[in-house]
There are 2 protein chains.
Amino acid sequence: MKILIADDDPQMLRALRITLTARGYDVTTASDGTAALDAAIRIHPDIVVIDLGMPGLTGIEVIEALRGWTQIPVLVVSGRSESWDKVEALDAGADDYVTKPFSADELLARIRALSRRTPAASNEPVVTFGDVTVDLAAHVVTRAGASVRLTPTEWRLLEVLLRNHDRLVTRETLLTEVWGPQYTTDTGYLRLYLSQLRKKLEPEPSVPRYLLTEAGMGYRFVSQ
Amino acid sequence: MKILIADDDPQMLRALRITLTARGYDVTTASDGTAALDAAIRIHPDIVVIDLGMPGLTGIEVIEALRGWTQIPVLVVSGRSESWDKVEALDAGADDYVTKPFSADELLARIRALSRRTPAASNEPVVTFGDVTVDLAAHVVTRAGASVRLTPTEWRLLEVLLRNHDRLVTRETLLTEVWGPQYTTDTGYLRLYLSQLRKKLEPEPSVPRYLLTEAGMGYRFVSQ
DNA sequence: CCGCGGCGTTAGGGAACCGTGAGGACCTGT
DNA sequence: ACAGGTCCTCACGGTTCCCTAACGCCGCGG
């Protein structure tokens, strides 16, 4: 169970990390809004705990950015207890709001309550191109109605390209997102899996229409 | 949007009814735990707001009874602000906990946040596939009319897969849902219990038709 | 014309993963 | 103490997946 904590107070970060790690959660931390967003995109946490009063992007802006992209549960932790603040955060897409100071037990219980809800709730976009549809939440790929089997690596690669649709994705980005941060230079496997994706998804694999190559740079998925 | 409010304080009931009705909710009220359960069974509300300190059945008991039967969002309203009370209610199955006094705006925002999470009406209490029927609420599995005995672990595993029907459920999700958040990597028991479920439920266990494997990723239940 | 670099594709060995049987640890009620 | 049941570990064969190596294609510049 991966959990992302964003707070600009190092002491709070440390306390939360210790508490949550002790309970078996896999904790990642960020100390400003931009770092929080980056981390969310990179590690796909199962739940996000975020402080409102951060420098750079505010917590509200982070929540809105997240919601443009995913339905991960977001729990807000804030020093502000005015009802207006709560309304703003909840309506921006947060799922729960706890005011400081709070007890660790309560936070843990609220995290449990939120993660209980997750599996049934995801409502991610379905991407369509040609006669192919991809349901990112359900991990389902169909082509002309028939289901298409993808291996884990093929799926991760497709996922990264789809989440960055119409944008160029560099080889380096693809490698680190799909194979891990220690992989930065291609020795052939990127080309290999791209080829397999095309074989499974493109109407004419030898003349790609959706999964395009940008020579010397990387790849780009275009939906039409 | 139907909403059920349970509170033994007539004044609170009246205030909430007015506030919520004015926002367009279809409000039903109950003034003790038994009446709340009856009303929930009768009208199938989309969300339940419940006070903990009621005569007869306590709020906690009502939540537990509801959870044996449905996944409706439950928001607890209580005069008690001890973290222990919150933990108890949330772990009993409540989704949110607000302490009195609270502002109407905050309550409304929390109700909106909860109803946003409500999955579509896909929460079928009874699932059938092949000659097998599974009653999620009653914990009953039958095959060709005869009852099938499942161990607690087998049941939890089946439940998670059924509640996510047609979607891929990752190994990690299954492990944390069935065995707890500290279990994230399989050392063999997941495969073992899947095998046992297939033996009990699949027409031909060696060629699974409903409980499918996605190598390297997880499992998926498909109803046909 | 020809070498060269980047890309696409195929094939095969090795590693990781999966299904399943056997058996031991533990818990519970008799 | 014993029996029945549940949970988990271990091990083995079969399957799937991943990556390396090698080759052909194409465009470009020498």
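In what follows, chains are A, B, ... by sequence order, proteins preceding strands, each numbered from 1.
Tested against B/L161 for a side-chain contact (heavy atoms from CB on, under 4.5 Å), the candidates B/V169, B/V127, B/V222, B/L212 yield a single pass: B/V169.
With sequence neighbours left out, A/R67 forms a side-chain hydrogen bond (donor to acceptor under 3.5 Å, both in side chains) with A/D95. Scored by the ring-ring contact (aromatic ring centres under 6.0 Å, His included) test, A/H165 finds no partners at all (sequence neighbours excluded).
Between the side chain of B/R110 and the main chain of B/Y97, no donor-acceptor pair closer than 3.5 Å is present. The backbone N or O of A/D32 lies less than 3.5 Å from no partner atom in the side chain of A/D8, so there is not a single donor-acceptor pair. Distance alone, capped at 3.5 Å, places no donor-acceptor pair between the B/E202 side chain and the B/V207 backbone. Checking side-chain atoms of B/R80 against main-chain N and O of B/L52 turns up no donor-acceptor pair under 3.5 Å.
Ionic pairing of B/R143 and B/D131 is present here: one or more N-O contacts between side-chain nitrogen and carboxylate oxygen are shorter than 4.0 angstrom.
Where DNA chain D meets chain A (any atom under 4.0 Å from a heavy atom), the bounding nucleotides read 5' to 3' are D/dC17 to D/dT20.
Both A/L150 and B/L150 sit near DNA chain D, but only B/L150 has its closest nucleotide nearer the 5' end.
A/W179 comes within 4.0 angstrom of sugar-phosphate atoms only, judged by non-hydrogen atoms across all strands, and of no base.
Within the helix from C/dC1-D/dG30 to C/dT30-D/dA1, the inter-axis angle between the opening and closing five-pair segments is 30°, rounded to 10°.
Around atom CD of B/E82, no more than 12 heavy atoms belonging to other residues, nucleotides or ligands sit under 6.0 Å away.
Between the P atom of C/dC7 and the CZ atom of A/R220 lies a distance of 15 Å, rounded to the nearest Å.
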Sequence neighbours left out, cut at 3.5 Å: what donor-acceptor pairs do the side chains of residues 178-196 of chain A make with other protein atoms?
residue	atom	partner	partner atom	Å
A/D186	OD1	A/G188	N	2.6
A/D186	OD1	A/Y189	N	3.2
A/D186	OD1	A/L190	N	3.3

### Message
Please encode protein proximity along nucleotides 10-30 of chain C as a string of B, S and -, counting only heavy-atom distances under 4.0 Å.
### Response
B------SBBBS---------

